[in-house]
Amino acid sequence: MLLRPGADDLRLIGYYLGKVLLGLGLLMLIPAVVAAFQSEWNDLSAFVIGASLCGIVGAVTEARLASRRPLTWAHGMVTVALAWLIGSLFAAIPMYLSGRYSDLLGALFEGMSGLTTTGLSVIHDLDHTAISMDLYRHLLHFAGGQGIIIVVLSLFAAGGGRIGTLYVSEARDERILPNFIRTSRFIYRVAATYLVVGTAAMTVALLTAGFTPGRAFYHGINLFLAAFDTGGFAPMQSSVTYYHSFAVEAVMMVLMVAGAISFGLHFQLWRGDPRQVLRHLETRTLAISTTALFGVICFGLVRSGTYDDVGPLIRKGLFTLVSAVSSAGAQVNVDETYGTDWGVLAPAAIVVAMAIGGMASSTAGGIKALRIGIAAKALIHDVRRLLQPESALVLTTYHVGKRQILRDETARAATTVLLLFVVNYLVGALIGLAYGGYDITQTLFESVSAASNIGLSIGVTAPEMPKGLMSVYIVQMWLGRLEFVAVFALLGYLVSLARGRAST
Amino acid sequence: VSAEDPRFPRVPRRQARQAPPRRRQRTRRLLFVLVLGLATILVGTEALLRAKPVIAPEGLQVDVPPLALAEARACTRRADEPAVDEIQASFLPGGRVSSTQIYACPAAFDGLRITYVGEVIGEVIPRRGGAWVQVNDDEYALEVGPIGPHLDQRGFNTGLSVWLPDGLHERIEGVGRHGRRGDVVLLQGPLLRADPADGGGTTLRADRLEVLAPTVEVAEPLHRLQALVAAIMAVLAAAGLIWARRARQR
């Protein structure tokens, strides 16, 4: 029986949505300050409008909708699903006011892509964009990479138990410290440490590459935000190709890998226990899959004769693979050349790498190495059980934090989400094909990139792309970031709102 | 529980499906306010953008030599050899090509001498023996100028990586950035599809550079209405947050 949510339920959801918008409004103040220093007055007023709107909505919800009711799982799921949607919409307002997007849908696409750390972009004339607007796009990666709910938990929340549902609903099931708020603050401490160290390393790499100190810092901070948060935006349209520097690419690869590592493993490293990293199921899964895929990419590039020398082959192949598997989406090739100059096999391996993605509870997207590892273990378990006598007890274990026995429900949950991701990829690819202007390589590449929150593009995503396909990619990015459950809960909530029976 | 139990009177099915009218009204009102608020924000944003003052771009169009090929013909490496041959047969070495044509079929231009025209963007990145520059040949570079003073949207930026040896890059006086269209240059040299000196990137190794148009500052006019709206909304937001804080304390 469906129970119709009442006004009190909506108030509670609205109250927490208001907190998310307050966090987003604070974020907009950072580029506003930069705009003031750079005399970018129209961008300054756009950020002030965006931040004020967030502030007004946040204030109204705080004053009128505050509630002491505890959050149920349904409230948590619906709040998180709506937070990413409404957050993207409000994030899009300053962008749209810049006049660089075809319409509000384009700005919403950019907002969703920024927050979900996808990095696909539909901005017109990026290379002449204001410094503050560029920084804002990258800051969205930073806020979304750690999780916008985590921003709220870190800044505003009290009473961790009540709001733990929000944390888990945001596709994070790893509680590193005893309570959610401390866990959230730990995640931001890790991110802040990397922000300082990573930006410094990137700036030094750019200085050695010939950039002036001011420009090196500007590019350095943006590239850090895009790499560590496994986003995909870049200050220049030509992405990492622009820098012509192996040092820049090397620092980016380190940051992308750091971003794709789960915060649980960061915690172990923080505590000085690197053995956990080596024993972890996800580390092993990624090591095996990445090595195999690198072999396939090299073979594909050799067979297609794309590069005459080994050096460029390894440099381009490895960077693109790390960019795909970490879900960062930084490019060292022009979009179209994946289709016109890389043959068929190498782009196919990149699609598989994008589908796998990074580690669970990291800033990365994709199916996640944890689920791939568990699904593989479950398959091996079934084969072993078939080969043993019926009376034999077959146990399969895996190491995630500690040694754990593989249970049926764990395997089922992993394979269900894996299947949902595959369906998401295929639906996006088929809808792309239905438009008639693209082939299956293009639509599958772009669909996997959007649904796994990667950001690599083969040229389908563009300001002039069909609006329907743009909407499909927005939904795919949203579904992929929240790993389906919260979005399904929202749909169920809407159905019960329309058709459910009133609770007494 | 039996149907006759007096503690649990039978409630007609229709009645049970209905919430108390006041509760339903509150729910509907809340949803209505939410939808109305969002619609107002979106309409207001659209209205503000439409009210933005723009300047018709003048003097930014650059006279450039015509393209040697009429269109960008796509090919897939090792799968479309006839297409590559046809492009090479119809292309006179030294002719002007666009970056879109090059990326559509890089194999067709590999090693050929080309002419390329575009705006130097971002920065000149000095290295030993020369400098790297990104040269965009999109419509913002050659026709309408940067977005900001105008809202004539023409899609993504497109361009090519260019290596300029010492003696050439010093002639560049300005690069394109926010509010500025950089030097528009005509370049000639061999195109390398996978340049080993650039880690396999597609580059133009220029040996001739001519500045066709100097750097132009294109200031964005102040959007006074947007500034006024921002000021009013900032005051409202500050007042709202103070009010909310007091309401919570009560």
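Atom set for the values below is all heavy atoms of this structure, side chains included, hydrogens, waters and symmetry mates excluded. In what follows, every chain begins at residue 1, and chains take the letters A, B, ... in the order their sequences are listed.
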| said: Exactly one of A:Asp134, A:Asp43, A:Thr129 should register a side-chain contact (heavy atoms from CB on, under 4.5 Å) with B:His178. Which one does? | reply: A:Asp43
So, do [X] and [Y] sit near enough that their side-chain heavy atoms are less than 4.5 Å apart?
X	Y	answer
B:Arg248	A:Glu62	yes
A:Ser245	B:Arg127	yes
B:Ile121	A:Gln237	no
B:Pro146	A:Asp125	yes
B:Leu241	A:Leu22	yes
B:Pro106	A:Thr340	yes
B:Ile41	A:Phe90	yes
B:Leu48	A:Ile49	yes

Could you tell me the separation between the [atom1] atom of [X] and the [atom2] atom of [Y], rounded to the nearest 0.5 Å?
X	Y	atom1	atom2	answer
B:Glu119	A:Asp127	CD	CG	8.0 Å
A:Arg303	B:Arg77	CZ	CZ	13.0 Å
B:Glu46	A:Asp103	CD	CG	8.5 Å
B:Asp198	A:Lys316	CG	NZ	6.0 Å
B:Leu49	A:Ile93	CG	CD1	12.5 Å

| Heavy-atom pairs under 4.5 Å with chain B, option from A:Gly55, A:Cys54, A:Gly210 with the top count | A:Gly210
| field | Whether B:Arg193 side chain and A:Thr306 backbone form a donor-acceptor pair below 3.5 Å | value | yes
| query | Parallel, tilted or perpendicular for A:His128 and B:Tyr140, by the 30°/60° rule? | reply | perpendicular
| If you tally heavy-atom pairs under 4.5 Å against chain A, which of B:Cys75, B:Gly199, B:Ala194, B:Gly179 wins? | B:Gly199
